[in-house]
Protein chains: 2
Amino acid sequence: MKLLDIGVLSERTGVPASALRYYEEVGLIAPVLRRGLRRQYGPETVTQLSLIALGKAAGFSLDEIKGMFNANGAPELPRSELQQRADAIDRQIRGLTTLRDALRHVAECPAENHMACPKFQQLLRLASAYKRGGRHRS
Amino acid sequence: MKLLDIGVLSERTGVPASALRYYEEVGLIAPVLRRGLRRQYGPETVTQLSLIALGKAAGFSLDEIKGMFNANGAPELPRSELQQRADAIDRQIRGLTTLRDALRHVAECPAENHMACPKFQQLLRLASAYKRGGRHRS
DNA sequence: TATTGACCTCAAGTTGGCTTGAAGTGGGAT
DNA sequence: ATCCCACTTCAAGCCAACTTGAGGTCAATA
């Protein structure tokens, strides 16, 4: 039975031990047991942390991530809610695609004033159309 | 010449006036002039704010966004740097795609233990493969 | 001319997500 | 048996990105 000390888990995932303790405090992960005072983690925690990293990169708060997959990888939310979050991510992907294209454009277009460039204008219309894939605090 | 009062700009973009002043403080936007003490914004600020919203949704800090398009829509960074940021966004899009699929999976899969489900395992391998599209504080 | 109300500044407060520091604990190699 | 050192707790501190509040300005309407 291969259990991981917090230091090993930290090194293996790149997440600082202090952050791991914090994640536990907010209910995102949990050690399978304690040896003395020391937390012993199961190997599945490594994959949980990948998911958490992904959720963070997507701009979700730790609380929201908790709703998607809790300490067992099972969601705390109803299916419909999860589908809505998936849809929100889809919208965000479209927004990011526009942003990426806009960025590549300003990197390549020789025009000195991008605001005047027709291609950029086109991208801006898409940007405005995007309007809030809006996950945020509240 | 159609200038916008901060209240109008705020209402039109959904960004609170306090946030607009803050954006100015950090150098993201600027009024074209002041009438008395009051800021008067040009209409292009509306599109700038769309771009800013997009960048925020992508997880960029205000400082990073400033590097992409400054108050004139022109970048403060060299092309190569912008291309790298575009590439980072591409990686993030792939990560988000995986997250979305994982989410849809847990919403649909009847298995009680997702960690055991082969399809989920497959998604997790992708999640681990993603490993840091890593934009973050310094 | 007086009042209104949207604007202004500046300082302080808030929230999320951690990090840092001080002081203590305990498993395992010597 | 002792020492080390990675671990522990708990409180406080920190940063970004704003928000809130107190007190002030001023253009336009009544």
Side-chain angles (χ1 to χ4, degrees), chain A residues 1-42 45 48-68 71 132 134-138, chain B residues 1 3-42 45 48-49 51-68 71 132 134-138:
Chain A
M1 201 198 226
K2 202 183 48 172
L3 294 184
L4 311 177
D5 223 55
I6 200 171
V8 178
L9 181 60
S10 171
E11 194 183 349
R12 195 164 295 185
T13 60
V15 181
S18 60
L20 293 173
R21 291 190 202 99
Y22 178 71
Y23 287 173
E24 180 174 347
E25 197 180 314
V26 300
L28 268 175
I29 62 173
V32 305
L33 57 85
R34 293 250 186 163
R35 174 147 45 200
L37 283 183
R38 300 177 182 210
R39 294 159 174 86
Q40 303 299 124
Y41 294 94
T45 309
Q48 285 179 42
L49 287 169
S50 298
L51 249 3
I52 291 171
L54 228 37
K56 283 187 41 175
F60 289 100
S61 71
L62 297 187
D63 234 56
E64 288 171 316
I65 293 172
K66 201 165 120 190
M68 299 179 195
R132 295 292 62 221
R135 130 193 63 301
H136 42 253
R137 46 234 111 267
S138 120
Chain B
M1 201 197 225
L3 295 183
L4 311 178
D5 223 56
I6 200 172
V8 177
L9 181 60
S10 171
E11 194 183 351
R12 195 163 296 184
T13 60
V15 181
S18 61
L20 294 173
R21 290 189 204 100
Y22 178 70
Y23 287 173
E24 180 175 347
E25 197 179 316
V26 299
L28 268 175
I29 63 172
V32 305
L33 58 86
R34 293 247 186 165
R35 174 146 47 199
L37 284 181
R38 299 177 182 211
R39 294 158 173 88
Q40 302 299 122
Y41 295 95
T45 308
Q48 285 179 41
L49 287 169
L51 249 5
I52 292 171
L54 229 37
K56 284 187 38 173
F60 290 100
S61 71
L62 297 187
D63 234 54
E64 289 172 314
I65 294 171
K66 201 164 120 189
M68 299 179 194
R132 294 292 62 219
R135 137 191 55 301
H136 40 253
R137 40 237 109 269
S138 165

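This structure is a prediction, so every number in the text was calculated from the model and none was measured.
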Just the rounded figure in Å: distance from [atom2] of [N] to [atom1] of [X].
| X | N | atom1 | atom2 | result |
| --- | --- | --- | --- | --- |
| B:Lys66 | D:dA16 | NZ | P | 12 Å |
| B:Glu11 | C:dC7 | CD | P | 10 Å |
| A:Glu24 | D:dT8 | CD | C1' | 11 Å |
| B:Asp5 | C:dG5 | CG | P | 16 Å |
| A:Leu3 | D:dC7 | CG | P | 14 Å |
| B:Ile29 | D:dC18 | CD1 | C1' | 14 Å |
| A:Ile6 | D:dT9 | CD1 | C1' | 12 Å |
| B:Leu9 | C:dC8 | CG | C1' | 16 Å |

Looking only at non-hydrogen atoms, find the nearest pair between A:Ser10 and A:Ala17 and report the distance. OG-N, 3.6 Å

Closest non-hydrogen atoms of B:Leu62 and B:Val26, given as atom of the first, atom of the second and distance, are CD1-CG2, 4.5 Å

Contact between A:Leu49 and A:Leu9 at the side-chain level, heavy atoms closer than 4.5 Å - yes or no? yes

Side-chain contact, heavy-atom cut-off 4.5 Å: B:Ile29 with B:Ile52? yes

Under 3.5 Å, which protein N or O atoms sit close to an N or O of nucleotides 21-30 of chain C? Give each pair with its distance.
| from | atom 1 | to | atom 2 | distance (Å) |
| --- | --- | --- | --- | --- |
| C:dG26 | N2 | A:Arg38 | NH2 | 3.4 |

Find which nucleotide of DNA chain C each of B:Val8 and A:Asp63 is nearest to by heavy atoms, and output the residue with the more 5' nucleotide. B:Val8

Atom pairs, protein N/O to nucleotides 18-20 of chain C N/O, distance under 3.5 Å:
| from | atom 1 | to | atom 2 | distance (Å) |
| --- | --- | --- | --- | --- |
| C:dC18 | OP1 | A:Lys56 | NZ | 3.0 |
| C:dC18 | OP2 | A:Tyr23 | OH | 3.1 |
| C:dC18 | OP2 | A:Lys56 | NZ | 3.4 |
| C:dT19 | OP2 | A:Ser18 | OG | 2.3 |
| C:dT19 | OP2 | A:Ala19 | N | 3.3 |

A:Thr45 side chain vs A:Tyr41 backbone, donor-acceptor pair below 3.5 Å: no

Let me see the working for A:Gln40 and A:Leu4 under side chain to side chain contact (heavy atoms under 4.5 Å, CB included), right down to the final yes or no. CA-CA 5 Å; A:Gln40 303 299 124; A:Leu4 311 177; over 6 Å; no

Qualifying side chain to side chain donor-acceptor pair (under 3.5 Å) pairs with a residue from residues 16-38 of chain B, counting only residues at least two apart or across chains: B:Glu24-B:Arg39

Return the set of residues passing salt bridge (charged side-chain N to carboxylate O under 4.0 Å, His left out) with A:Glu11 (not counting sequence neighbours), or none when no residue passes. none

Determine which pairs satisfy salt bridge (charged side-chain N to carboxylate O under 4.0 Å, His left out) with at least one residue from residues 51-62 of chain B, sequence neighbours left out, and list them in order. none

Is any side-chain nitrogen or oxygen of B:Arg39 closer than 4.0 Å to OP1 or OP2 of C:dC8? yes

